[in-house]
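Below is one structure, written out as structure tokens; comments come after it.
Here is how names work: the chains are called A, B, and so on, in the same order as the sequence lines, proteins then strands, and each is numbered from 1.
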Number of protein chains: 2
Amino acid sequence: MTDTVHSQIADEHRELLDQILDKWSLLVLDKLCESPRRFNELRREIPAVSQKSLTASLRRLERNGMIRRDVVNTRPLAIRYEISPLGHTLQDLIDALFDWTSAHMDEVAASRDHFDAENDPR
Amino acid sequence: MTDTVHSQIADEHRELLDQILDKWSLLVLDKLCESPRRFNELRREIPAVSQKSLTASLRRLERNGMIRRDVVNTRPLAIRYEISPLGHTLQDLIDALFDWTSAHMDEVAASRDHFDAENDPR
DNA sequence: CGGGATCCTGCACGATACTG
DNA sequence: CAGTATCGTGCAGGATCCCG
């Protein structure tokens with residue numbers, strides 16, 4: 001196998017992860033792994049996300065098969081977003097990522113302070 | 001604890017992950033976990049990355065304490081980038097992420113095709 | 001060799017207003 | 001309630017040129 005083949009594969013990985021690891025999707029997936037939610041429930045639980053971005057994130061996750069969008073025909077109509085089996089395979093990974101940030105947040109912050117202090121605070 | 005406290009914490013996680021999971025850092029970290037590299041070695045191994053983006057990614061990783069930058073005083077001078085102990089704690093996670101993409105790439109692609117076929121290919 | 005400095009572009013994201 | 005439509009912005013990221 002040549003280097004270019006390797007890097008093509010690596011690039012596919014990157015693109016795929018880019019799709020899933022967008023600004024909000026991890027938070028959304030985390031919530032949906034817990035239990036199905038409705039649109040405005042997610043908005044309330046992730047206050048920093050705009051309605052447009054949440055819509056986009058949900059669409060992308062749905063397109064990639066990570067979540068399912070169920071239309072419940074009531075009045076007014078309700079929409080349930082729920083994790084898919086494929087999305088569920090990410091749960092452990094997501095938990096591990098959040099655990100990692102919890103465990104190393106301070107360490108990273110300290111490193112940042114140190115770096116900023118050394119590199120021209122001019 | 002209130003909702004806002006929860007979401008603030010979640011937001012810190014998101015920001016931290018955003019720092020680390022930028023477009024190229026996972027690929028860079030993956031290489032550096034294997035062995036130290038020099039700047040142009042990384043460029044060659046990740047052909048899609050531009051020089052500017054690689055520089056930025058390395059700087060960010062260094063600032064966050066994930067990698068170390070060693071200046072070797074030869075002529076011409078050489079720079080060794082190597083994984084730090086903190087960065088090393090991410091290795092298993094990164095491996096797991098790449099394993100996940102390898103395992104589910106086809107599934108995701110199929111889901112995408114299905115989604116695109118259903119939603120107005122007009 | 002390992003970058004820095006500039007210029008430029010797209011697109012991610014937010015704000016706001018409106019709708020079935 | 002769950003969006004769509006439109007507008008505006010920043011900033012990530014590529015292209016190019018230059019430097020010790």
Between P on dG2(C) and CD1 on Ile46(B), what's the gap in Å once rounded to a whole number?
14 Å
Would you check if the side chain of Thr101(A) reaches a backbone N or O of His13(B) as a donor-acceptor pair within less than 3.5 Å?
no
Is the distance from OP1 or OP2 of dG14(C) to the nearest side-chain N or O of Ser53(A) less than 4.0 Å?
yes
Write down the distance between CZ (Arg43(B)) and P (dG2(C)), rounded to a whole number of angstrom.
11 Å
More 5' along DNA chain C: Pro76(A) or Ala48(A), using each one's nearest nucleotide?
Ala48(A)
For atom CZ of Arg44(B) and atom P of dG3(C), their distance in whole Å
14 Å
Out of Leu58(B), Leu32(B), Val28(B), Leu29(B), which residue meets the side chain to side chain contact (heavy atoms under 4.5 Å, CB included) rule with Met66(B)?
Leu29(B)
Would you kindly give the CD-to-P distance between Gln51(B) and dC17(D), to the nearest whole Å?
14 Å
Would one find a side-chain N or O of Arg38(B) under 4.0 angstrom from OP1 or OP2 of dG2(C)?
yes
Please state whether the phosphate of dG4(C), meaning OP1 or OP2, lies under 4.0 angstrom from any side-chain nitrogen or oxygen of Arg59(B).
yes
Given atom CD of Glu62(A) and atom P of dA2(D), what is their separation to the nearest angstrom?
15 Å
Taking only side-chain N and O atoms of Ser50(B), does any of them lie within less than 4.0 angstrom of OP1 or OP2 on dG14(D)?
yes
Got a salt bridge between Arg63(A) and Asp116(B), using NZ or NE/NH1/NH2 to carboxylate O under 4.0 Å?
yes
Give the rounded distance in Å between these two atoms: CH2 of Trp24(B) and C1' of dG14(D).
10 Å
Quiz item: Glu41(B) side-chain donor-acceptor pair to dG2(C) base, under 3.5 Å
no
How close or far is atom P of dA12(D) from atom CG of Asp18(B), stated in whole angstroms?
11 Å
When you check the phosphate oxygens OP1 and OP2 of dC1(D), does a side-chain N or O of Tyr81(A) lie under 4.0 Å from one of them?
no
Under 4.0 Å from OP1 or OP2 of dG14(D): is there any side-chain N or O of Lys23(B) that close?
yes
When rounded to whole Å, the CD1 to C1' distance for the pair Ile67(A) and dA2(D) reads 14 Å
DNA chain D nearest-nucleotide lookup for Lys52(A) and Arg80(A): closer to the 5′ end is Arg80(A)
Separation between CD1 of Ile46(B) and CZ of Arg37(B), rounded to the nearest 0.5 Å
9.0 Å
Is there a chain of hydrophobic side chains (I, L, V, M, F, W, Y, each step under 4.5 Å between heavy atoms) that links Leu61(B) to Val71(B)?
yes
Give Arg69(B) one of three labels, base, sugar-phosphate or nothing, depending on what nucleic acid heavy atoms sit under 4.0 Å from its own.
sugar-phosphate
